[in-house]
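Every chain is numbered from 1, with letters handed out A, B, ... down the list of sequences. Values in this document were obtained by computation on a predicted structure and should not be read as measured data.
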Protein chains: 2
Amino acid sequence: MARIKTDKNISRKDVIVTKAASLFREKGFKAASMRDLAEAVGVEAASLYNHIKSKTELLHELCFSVANRFLQKIDEVEAEKIPAIEKIEKLLRFHINEMIHHYEEVYVSDREWKHLADPYLSNFQNQRRIYRKRFAAIIESGIRNHEVKKIDAPTAVLIMLHAISGIESWHRSTQKISAAELEENMVTILVGGLTQ
Amino acid sequence: MARIKTDKNISRKDVIVTKAASLFREKGFKAASMRDLAEAVGVEAASLYNHIKSKTELLHELCFSVANRFLQKIDEVEAEKIPAIEKIEKLLRFHINEMIHHYEEVYVSDREWKHLADPYLSNFQNQRRIYRKRFAAIIESGIRNHEVKKIDAPTAVLIMLHAISGIESWHRSTQKISAAELEENMVTILVGGLTQ
DNA sequence: ATAAATCGCTAACGCGTGTTAGCCAAAAAA
DNA sequence: TTTTTTGGCTAACACGCGTTAGCGATTTAT
């Protein structure tokens, strides 16, 4: 009998969720089996159900914990009294750092949310839509103030969010530049693309 | 008995491959079943096997037909005697148009190649790696000629390719700007981000 | 020390999967 | 018109999936 190891303040469920993120990222949600996950955790598949309700629950937890972090950040940024372009840069840097430091979770939330079931699915899609609208609104205010050049704001959002998800390639590449360099390069190119 | 309808020069296999692209895009490769595909084609699942070898073969065909189009294009662009920045813009516009007009195929090739099996998998990954290096080399030559600002070329490639895959969101959005506007906005932002 | 809760295990379930075998009608070739 | 090929069909296969039941050992609470 091989109990799941836990440190203080890390529940066995947390261990499972974390391993699930890694597995879902690697294989995709559908292709990752509970038996795979069990093996990664060091336990039999049935034992997982002492800690979780279902496979889908794992996906909920991952998707919404990520979504909540982003919503909280945009609340914070919107409230600040700084130029729009600085708000954009702050959000951008936040996204980049989330993708660098919470890679697996963020990636899974980004790519695998399709496999959520209603009502979680509609809920997640809504949150996403609203987030993008709020982001676009910041860009639009930047355009009105002539901080940002005249472009279609939703398209700009789409470019930025997807560009950031490209950090996936950075993670998997063998000859990585440093995280700090990556951040600076991305900000240079993306903020540069909006201004000037 | 409901035969698969075909026009001239479109084989029954082509019909299946096209429907497969649509289905794989919508549900993901693993989650899309052969019975789903059969229904979309208007036939029983077993009947599909009169035209194809396996489910994975469908993925091969999609992935490599897309990859070949991109490789052919970069061959063509590299051979031209024009400034690097114009080469970059040409590739960019090609990517954008591919994503606009062959959405399902390109999307599937981009997101579902993980489910290829060796030797196709390694093959595909190699082609991808080489393509990106060639793209980065063009950017680097642009930097040497001072057409492009000093940035990490692989990072620039990563941003551009992933930004383009964001056209997925455009396809699914209800209030679309026109394809032409989308293209111009993307080029403005991305080329603008490299130059300035 | 005793009781209760926690957390592993094995066995098994029902179901959906990709795929094959074998048959027969329609279409194409002779 | 006859023969051959094509392309449907039904039935079935072996397998992997998520999940549950029920048991016993270890840990925690009393």
>> Using a heavy-atom cut-off of 4.0 Å across all strands, would you classify Ala31(B) as base, sugar-phosphate, or nothing?
In response: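 Contact class for Ala31(B): none.
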Quick check, are the ring centers of [X] and [Y] under 6.0 angstrom apart?
X         : Y         : answer
Tyr131(B) : His95(B)  : yes
Phe24(A)  : Tyr107(A) : no
His60(B)  : Phe29(B)  : no

Whole angstrom is fine here: how far is it from [atom1] in [X] over to [atom2] in [N]?
X        : N       : atom1 : atom2 : result
Ile16(A) : dG8(C)  : CD1   : C1'   : 12 Å
Lys30(A) : dT17(C) : NZ    : C1'   : 11 Å
Arg35(A) : dC9(C)  : CZ    : C1'   : 14 Å
Met34(B) : dA12(D) : CE    : C1'   : 17 Å

>> Show, in sequence, the C-alpha distance, side-chain angles and deciding distance for Ser178(B) and Glu181(B), and conclude whether the side-chain hydrogen bond (donor to acceptor under 3.5 Å, both in side chains) test is met.
In response: CA-CA 5 Å; Ser178(B) 75; Glu181(B) 282 175 296; 3.2 Å; yes
> Under 4.0 Å: is that the gap between some side-chain N or O of Ser33(B) and OP1 or OP2 of dT17(C)?
Replying inline: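 Yes, such a contact exists.
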Just wondering, are more than 12 heavy atoms of other shown residues or ligands nearer than 6.0 Å to [atom1] in [X]?
X         : atom1 : answer
Lys114(A) : NZ    : yes
Gln125(A) : CD    : yes
Lys176(B) : NZ    : yes

>> Can you classify the ring geometry of Tyr103(B) versus His171(B) as parallel (below 30°), tilted (30 to 60°) or perpendicular (above 60°)?
In response: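 Aromatic pair Tyr103(B)/His171(B) classed parallel.
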> Does a salt bridge link Arg93(B) with Glu86(B), judged by any charged N lying under 4.0 Å from a carboxylate O?
Replying inline: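 So Arg93(B) does not pair with Glu86(B) through a salt bridge.
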Output a table of nitrogen or oxygen pairs between the protein and nucleotides 3-6 of chain D separated by less than 3.5 Å.
unit_1: dT6(D); atom_1: O2; unit_2: Arg3(B); atom_2: NH2; d: 3.4

>> What residues from residues 55-65 of chain B pass a heavy-atom cutoff of under 4.0 Å to DNA chain D?
In response: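 Contacting residues: none.
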> For residues 36-50 of chain A, which residues have at least one heavy atom under 4.0 Å from DNA chain D?
Replying inline: Ala46(A), Tyr49(A)
> Would a 4.5 Å heavy-atom cut-off, applied to side chains only, mark Leu58(B) and Leu37(B) as touching?
Replying inline: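 They are in side-chain contact.
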>> Could you check whether any side-chain N or O of Asp118(A) sits under 3.5 Å from a backbone N or O of Ser122(A), counting only pairs where one atom can act as donor and the other as acceptor?
In response: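 Pair found, side chain donor or acceptor close to backbone of Ser122(A).
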